[in-house]
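We number each residue from 1, following the sequence as shown. Everything quoted here is computed from the prediction, not taken from an experiment.
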Amino acid sequence: MHAIVYQGPGGPRLEERPQPQLQQATDAIVRLLKTTICGTDLHILKGDVPTCEPGRVLGHEGVGIVESVGSGVSRFKPGDRVLISCITACGRCDYCKKGMYSHCADGGWILGHRIDGTQAEYVRIPHADGSLHALPPGIPDEAMVMLSDILPTGYECGVLNGQVSPGDVVAIIGAGPVGLAALLTAQFYAPAEIVVIDLDDHRLAVARQFGATRVLNSGRDNVAGELHSLTGGRGVDVAIEAVGVPATFSLCEQIIGAGGHIAVLGVHGVKVDLHLETLWSHNITLRTGLVDTFTTPQLLKMVQAGKLDPQQMITHRFAFAEALQAYEVFGQAADSQALKVILEM
Ligand SMILES: NC(=O)c1ccc[n+]([C@@H]2O[C@H](COP(=O)([O-])OP(=O)(O)OC[C@H]3O[C@@H](n4cnc5c(N)ncnc54)[C@H](O)[C@@H]3O)[C@@H](O)[C@H]2O)c1
Ligand SMILES: [Zn+2]
Ligand SMILES: [Zn+2]
């Protein structure tokens, strides 16, 4: 089969690889229909994720058709159309029992990281019963791919950790796919204002289309001053950090109001300053976390009900044979205006 393989820092390679085989009774083999590239794949290619070793098939998102299952798989059978979760969950360990699937003792984020992933014609899914979801009929496959990772990430780590509530003023810093996923799902809770902040005017225009009530360019606008005026000096109720650099965490600390919630979903590579000399008395909460994907069934229902349209995140489509070109387009998002790119098998 064809697969996109990490070969150490640099570009990935399209290689011929043997098809994966069932290894455990709880495994399934899935034939991919559609997959995509994540910002995290770009982090791996830069060498930022040392736990991902050269030779690894990349990818942790996708939809496909079950090809075969082990004797211990009870919820799926060959021929079923499935959504692959970016998080593998055994369903039995202490963390899984708490819904913290990202910390599963025999899973978590392993696909395209510690084991071969979904940017291939076939993938082996461990703990298939806990790691796959049946696809509802009538929804385009490519829309469903957005539920493997980015929508649950924006929703769980941004909106739910930030406790977005009716009437709130919410600031989302970063209008990449993950920040935009937080923007779409924050609207479930009817906040009064959702202000999206980025450096890229195109992405800010997209944020407007996706429901932002205001947008600010932090390269040009005085974001803290504008939000101060907007809230009568109180500060925002929720600040969602979806970039992952010290400057954007610092901005959250400047704009958060008393009793507010800061939800960090950006992956941070260096330390940040925590200004307790001002925040200690402000009753704020700070939440961090990896996506658990415990909300995937809920998000599937919202898509089915027509209350969430994931397809609008897709800007480019490529045949799998053009995967390296897709990586280039996705890697130069500022020029190509790419959000999510679909790879079709
Ligand atoms: N917590 C999790 O489980 C989880 C899961 C997936 C992704 N992530 C992380 O979420 C973050 C966002 O992911 P993405 O795919 O949307 O990334 P992205 O790179 O596509 O988007 C980041 C956005 O931030 C903007 N930006 C950069 N510097 C800025 C600054 N100083 N001020 C304002 N905006 C700035 C960029 O213009 C871009 O639009 C990344 O750090 C990613 O690794 C976390
Ligand atoms: Zn991802
Ligand atoms: Zn587990």
Side-chain angles (χ1 to χ4, degrees), residues 9 38-52 102 109 149-150 153-154 156-164 169-183 186 194-204 207 212 214-228 230-231 234-291 331-334 339:
C38 179
T40 305
D41 299 320
L42 301 183
H43 278 298
I44 293 174
L45 291 171
K46 278 195 220 139
D48 292 348
V49 186
T51 41
C52 181
S102 59
W109 173 45
D149 176 356
I150 56 165
T153 297
E156 293 173 16
C157 304
V159 177
L160 295 184
N161 281 354
Q163 298 179 43
V164 174
V169 176
V170 177
I172 299 175
I173 303 160
V178 170
L180 292 172
L183 168 62
I194 311 179
V195 185
V196 174
I197 298 135
D198 202 290
L199 298 167
D200 178 335
D201 285 326
H202 172 72
R203 285 193 161 179
L204 290 173
R214 288 162 204 254
V215 295
L216 294 169
N217 185 316
S218 50
R220 227 175 22 230
D221 301 321
N222 172 3
V223 175
E226 297 271 347
L227 291 174
H228 194 80
L230 175 69
T231 56
R234 288 187 302 276
V236 303
D237 300 296
V238 182
I240 296 175
E241 195 283 317
V243 183
V245 298
T248 49
F249 181 71
S250 165
L251 182 58
C252 291
E253 296 181 282
Q254 292 165 42
I255 63 178
I256 197 71
H261 309 291
I262 299 177
V264 173
L265 41 73
V267 172
H268 284 255
V270 297
K271 73 181 180 71
V272 300
D273 289 327
L274 180 60
H275 286 285
L276 288 178
E277 76 280 15
T278 49
L279 294 175
W280 73 271
S281 61
H282 280 47
N283 301 47
I284 66 144
T285 62
L286 170 63
R287 291 289 304 269
T288 67
L290 253 171
V291 63
Q332 292 160 7
L339 283 174

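Contact check for V236 versus V195: no side-chain heavy atoms found under the 4.5 Å cut-off. Considering only heavy atoms from C-beta on, R220 comes within 4.5 Å of D201 through its side chain. Side-chain contact between L274 and F249: present, with at least one pair of heavy atoms (C-beta onward) separated by less than 4.5 Å. At least one side-chain heavy atom of P177 sits less than 4.5 Å from a side-chain heavy atom of R203.
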Begin with the C-alpha distance, continue with both residues' side-chain angles, and end with the deciding distance and a verdict on side-chain contact (heavy atoms from CB on, under 4.5 Å) for V196 and L183. CA-CA 8 Å; V196 174; L183 168 62; 4.2 Å; yes
Stepwise side-chain contact (heavy atoms from CB on, under 4.5 Å) test for L251 and E241: CA-CA 9 Å; L251 182 58; E241 195 283 317; over 6 Å; no
Residues L227, I197; criterion side-chain contact (heavy atoms from CB on, under 4.5 Å); working and verdict: CA-CA 11 Å; L227 291 174; I197 298 135; 4.3 Å; yes
Full working for side-chain contact (heavy atoms from CB on, under 4.5 Å) between V223 and I173: CA-CA 10 Å; V223 175; I173 303 160; over 6 Å; no
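E253 places no side-chain N or O within 3.5 Å of a backbone atom of I256 that could act as its donor or acceptor partner. Within the 3.5 Å criterion, the main-chain N or O of V170 finds no donor-acceptor partner in the side chain of D237. At least one donor-acceptor pair closer than 3.5 Å links the side chain of D198 to the backbone N or O of A175. In terms of modelled atom types and a separation under 3.5 Å, the side chain of N217 and the main chain of L199 share a donor-acceptor contact. The backbone N or O of D149 sits less than 3.5 Å from a side-chain atom of T153, completing a donor-acceptor pair.
Summarising the geometry of G179 relative to I172, their closest heavy-atom pair is O-CG2, 3.8 Å, with the distance given to 0.1 Å. Minimum heavy-atom separation, G235 to T231: N-OG1, 2.9 Å. Shown here for A263 and G158, the closest heavy-atom pair between the two residues is CB-O, 3.6 Å. Of all heavy-atom pairs spanning V243 and G174, the tightest one is CG2-CA, 3.6 Å. The two residues C157 and G289 make their nearest non-hydrogen contact at SG-O, 3.5 Å. Among all heavy-atom pairs drawn from P246 and V272, the shortest one is CA-CG1, 3.8 Å.
A distance of 5.5 Å separates OG1 in T248 from NE2 in H268, rounded to the nearest 0.5 Å. Distance CG/D48 to CD1/I44: 9.5 Å, rounded to 0.5 Å. Interatomic distance, S250 OG to H275 NE2, rounded to the nearest 0.5 Å: 5.5 Å. To the nearest 0.5 angstrom, T285 atom OG1 is 5.5 Å from Q163 atom CD. The line from CG of L286 to CG of N161 is 10.0 Å long, rounded to the nearest 0.5 Å.
In H228, the NE2 atom is not crowded: 12 or fewer heavy atoms of neighbouring residues, nucleotides or ligands sit closer than 6.0 Å.
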